Novice: 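Let me begin by handing over the structure; questions about it come next.
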There are 2 protein chains.
Amino acid sequence: MKPHLETTDFDLSTFLPYLLNRAAEASSLEFQQYYRETYSMLRTEWRVLFHLWQYGNMTAKEICVRAGLHKTKVSRAIVALEQKRFIKRDKMAHDRRNELLSLTASGRKASIDLTQAAARFDASLVADFTPEEQVVLRSCLQKLSGI
Amino acid sequence: MKPHLETTDFDLSTFLPYLLNRAAEASSLEFQQYYRETYSMLRTEWRVLFHLWQYGNMTAKEICVRAGLHKTKVSRAIVALEQKRFIKRDKMAHDRRNELLSLTASGRKASIDLTQAAARFDASLVADFTPEEQVVLRSCLQKLSGI
DNA sequence: GATTGTTAGTTACATTAGAGACTAATATCA
DNA sequence: TGATATTAGTCTCTAATGTAACTAACAATC
């Protein structure tokens, strides 16, 4: 059986969700290896840590909204980060359902290290792209992400 | 604690692996819903089916290489697709370790339907982008994917 | 032609993710 | 005040994934 391009001019190698998935997986690999090996973190844990680092103390719920993550995923990441002593949580006085999350000293240290590693890694990913391409790429991705 | 942008000018909302992951998840959602509900397929199953449709009969190993998927994932997808009667497999005479995969009539039918749905969906994703942006986006993603 | 190595594909086990039920705290409003 | 509804976060059960060990077929070398 030969390829069936005659049905439509559709081509898998230009299908956006496919490309995005492959690019996401390929580009995550190296950095993921770093935070896994160095801090035994999962992807969601690093995202949660990073949100606290970059946007300041907040509740699990706020992280869900900002990061676009399901609350069970965030809940589990918080437990793991707390066990690693990277964050602590405090019930908020005026509404004891909310827990304010904040970084510990070692959480801040890890955040700094990971931020720097991420910045270097990001630069290496786009090293072959022109500045214009980089701008277009990031802005298209932001639109697609709904950020 | 306030944001700590002074440490570096790194910003999560421009970090490529993060953007790629969010864009990939967001853009997969709608199409995924279609093939899940209509054909009870998982993502890997649709990818395997589509590789056979677009590139012709091949072995599981070839699909692994072309699609960048692990052999266990492909193996499980093949079992599932076979149970749904979308593909069949035949041991190759000259080397009975290889199994040549091919589409059944209903596999072809599903492929056509999914291809058309994918094409429409892809068009809707990039509807807000200029033709130039679309070209840059896809070519950057292909490079990042190693395609 | 027995041993050793390699390759295609599967299986088994452990890890991670997802969906929905659940608990505790607060809010609403009759 | 008491009944009902919401909300933040956790727990439980199941589905999906990743890793590594495994089987079967073939290849190569002594």
Side-chain angles (χ1 to χ4, degrees), chain A residues 21-22 24-26 28-30 32-33 35-37 39-49 51-52 57-84 87-102, chain B residues 21-22 24-26 28-30 32-33 35-37 39-49 51-52 57-84 87-102:
Chain A
N21 263 296
R22 291 204 58 167
E25 267 185 41
S28 296
L29 251 180
E30 190 181 328
Q32 178 172 3
Q33 205 169 335
Y35 58 70
R36 281 190 89 111
E37 287 177 5
Y39 299 102
S40 306
M41 276 188 204
L42 298 179
R43 187 180 302 171
T44 308
E45 293 173 48
W46 128 259
R47 280 206 201 167
V48 166
L49 187 79
H51 268 81
L52 292 173
N57 299 352
M58 60 180 90
T59 66
K61 172 72 180 180
E62 288 178 281
I63 293 177
C64 291
V65 174
R66 295 189 81 126
L69 292 168
H70 195 272
K71 60 181 182 175
T72 58
K73 240 174 146 177
V74 171
S75 174
R76 289 188 268 240
I78 288 169
V79 170
L81 287 169
E82 197 183 24
Q83 280 169 354
K84 297 187 181 87
I87 65 172
K88 62 186 177 58
R89 38 180 163 183
D90 301 286
K91 294 266 186 207
M92 290 169 87
H94 68 284
D95 186 342
R96 292 170 39 70
R97 286 171 304 183
N98 290 280
E99 293 181 333
L100 190 66
L101 305 170
S102 52
Chain B
N21 263 296
R22 292 204 58 167
E25 267 185 42
S28 295
L29 252 181
E30 189 182 330
Q32 178 172 2
Q33 205 170 333
Y35 58 70
R36 281 190 89 112
E37 287 176 6
Y39 299 104
S40 307
M41 277 189 202
L42 298 178
R43 186 179 303 171
T44 309
E45 292 172 48
W46 127 259
R47 280 207 201 168
V48 166
L49 187 79
H51 272 266
L52 292 172
N57 299 353
M58 60 180 90
T59 66
K61 170 74 180 179
E62 288 178 281
I63 293 177
C64 292
V65 174
R66 295 189 83 126
L69 291 169
H70 195 273
K71 61 181 179 173
T72 59
K73 242 175 147 177
V74 171
S75 174
R76 289 188 268 238
I78 288 170
V79 170
L81 287 170
E82 198 184 23
Q83 280 170 353
K84 296 187 184 88
I87 65 172
K88 60 185 178 61
R89 37 182 165 184
D90 300 287
K91 294 268 186 205
M92 291 170 86
H94 68 284
D95 185 342
R96 294 170 39 72
R97 287 171 304 182
N98 290 280
E99 294 181 331
L100 190 67
L101 305 170
S102 52

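Note that this is a predicted model, so its numbers are computed, not measured. Below, chains carry the letters A, B, ... as their sequence lines are ordered, and counting in each starts from 1.
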Novice: Are any of B:Arg36's side-chain N or O atoms less than 4.0 Å away from OP1 or OP2 of D:dA16?
Specialist: yes

Novice: Ignoring backbone atoms, test whether A:Ser75 places a side-chain nitrogen or oxygen under 4.0 Å from the OP1 or OP2 oxygen of D:dT10.
Specialist: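 Result: yes.
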
Novice: With hydrogens left out and only the distance checked, is there a donor-acceptor pair under 3.5 Å joining B:Arg76's side chain and the base of D:dG18?
Specialist: yes

Novice: List the atom of A:Ala67, the atom of A:Arg47, and the distance in Å for their closest heavy-atom pair.
Specialist: O-NH1, 4.0 Å

Novice: Tell me which of A:Arg97 and B:Ile78 sits closer to the 5' end of DNA chain C, going by the nucleotide each one is nearest to.
Specialist: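 Checking each residue's closest nucleotide, the 5'-ward one belongs to B:Ile78.
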
Novice: Rounded to the Å, how far apart are B:Ile63 CD1 and C:dT7 P?
Specialist: 20 Å

Novice: Between B:Glu45 (CD) and D:dT17 (C1'), how many Å, whole number?
Specialist: 14 Å

Novice: In this structure, how many angstroms lie between the C1' atom of C:dA19 and the NE2 atom of A:His70, rounded?
Specialist: 7 Å

Novice: From CE of B:Met58 over to C1' of C:dA8, roughly how many Å is that when rounded to an integer?
Specialist: 16 Å

Novice: Between A:Thr59 and A:Glu25, just flag the one whose closest nucleotide in DNA chain D comes earlier from the 5' side.
Specialist: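 Nearer the 5' end of the strand: A:Thr59.
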
Novice: Using atom CZ of B:Arg47 as one end and atom C1' of D:dA16 as the other, report the distance to the nearest whole Å.
Specialist: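 For the pair B:Arg47 CZ and D:dA16 C1', the rounded distance is 15 Å.
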
Novice: Under 4.0 Å, heavy atoms only, any strand: does B:Arg43 hit a base, just the sugar-phosphate, or nothing?
Specialist: nothing

Novice: Only one of A:Thr44, A:Leu52, A:Leu49, A:Ile87 passes side chain to side chain contact (heavy atoms under 4.5 Å, CB included) with A:Ile78; say which it is.
Specialist: A:Ile87

Novice: Just to be sure I understand the rule, does A:Lys71 reach a base, reach only the sugar-phosphate, or reach nothing, if contact means heavy atoms closer than 4.0 Å?
Specialist: base

Novice: Which residue lies toward the 5' end of DNA chain C, A:Arg96 or A:Lys73, if each is placed at its nearest nucleotide?
Specialist: A:Lys73

Novice: Answer yes or no: does atom NZ of A:Lys61 have more than 12 heavy-atom neighbours from other residues, nucleotides or ligands under 6.0 Å?
Specialist: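 For A:Lys61, atom NZ is not crowded (no more than 12 foreign heavy atoms under 6.0 Å).
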
Novice: Between C:dG9, D:dG9, C:dT11, which nucleotide has the shortest distance from any of its atoms to the side chain of B:Thr72?
Specialist: C:dT11

Novice: Would you mind reading off the distance between A:Asn98 atom CG and D:dT7 atom P, rounded to a whole angstrom?
Specialist: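 Nearest whole value for this atom pair: 12 Å.
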
Novice: Looking only at heavy atoms, which two atoms of B:Met58 and B:Glu62 are closest? And how far apart?
Specialist: CB-OE1, 3.2 Å

Novice: What is the distance, rounded to the nearest whole Å, between atom CG of A:Leu100 and atom P of D:dG9?
Specialist: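 Nearest whole value for this atom pair: 10 Å.
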
Novice: Is the distance from OP1 or OP2 of C:dA8 to the nearest side-chain N or O of B:Arg89 less than 4.0 Å?
Specialist: no

Novice: Nearest to the side chain of A:Leu42, which nucleotide is it out of D:dG9, C:dT16, C:dA25?
Specialist: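 The answer is C:dT16.
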
Novice: Under 3.5 Å, side chain of B:Lys84 to main-chain N/O of B:Met41, donor-acceptor pair present?
Specialist: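 Pair absent, no side-chain N/O of B:Lys84 close to backbone of B:Met41.
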
Novice: For the pair made of CG in B:Asp95 and C1' in C:dT6, what is the distance, rounded to whole Å?
Specialist: 11 Å

Novice: From the list D:dA8, C:dA19, C:dA17, which nucleotide is the closest neighbour of the side chain of A:Thr44?
Specialist: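 Closest of the options to the side chain of A:Thr44: C:dA17.
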
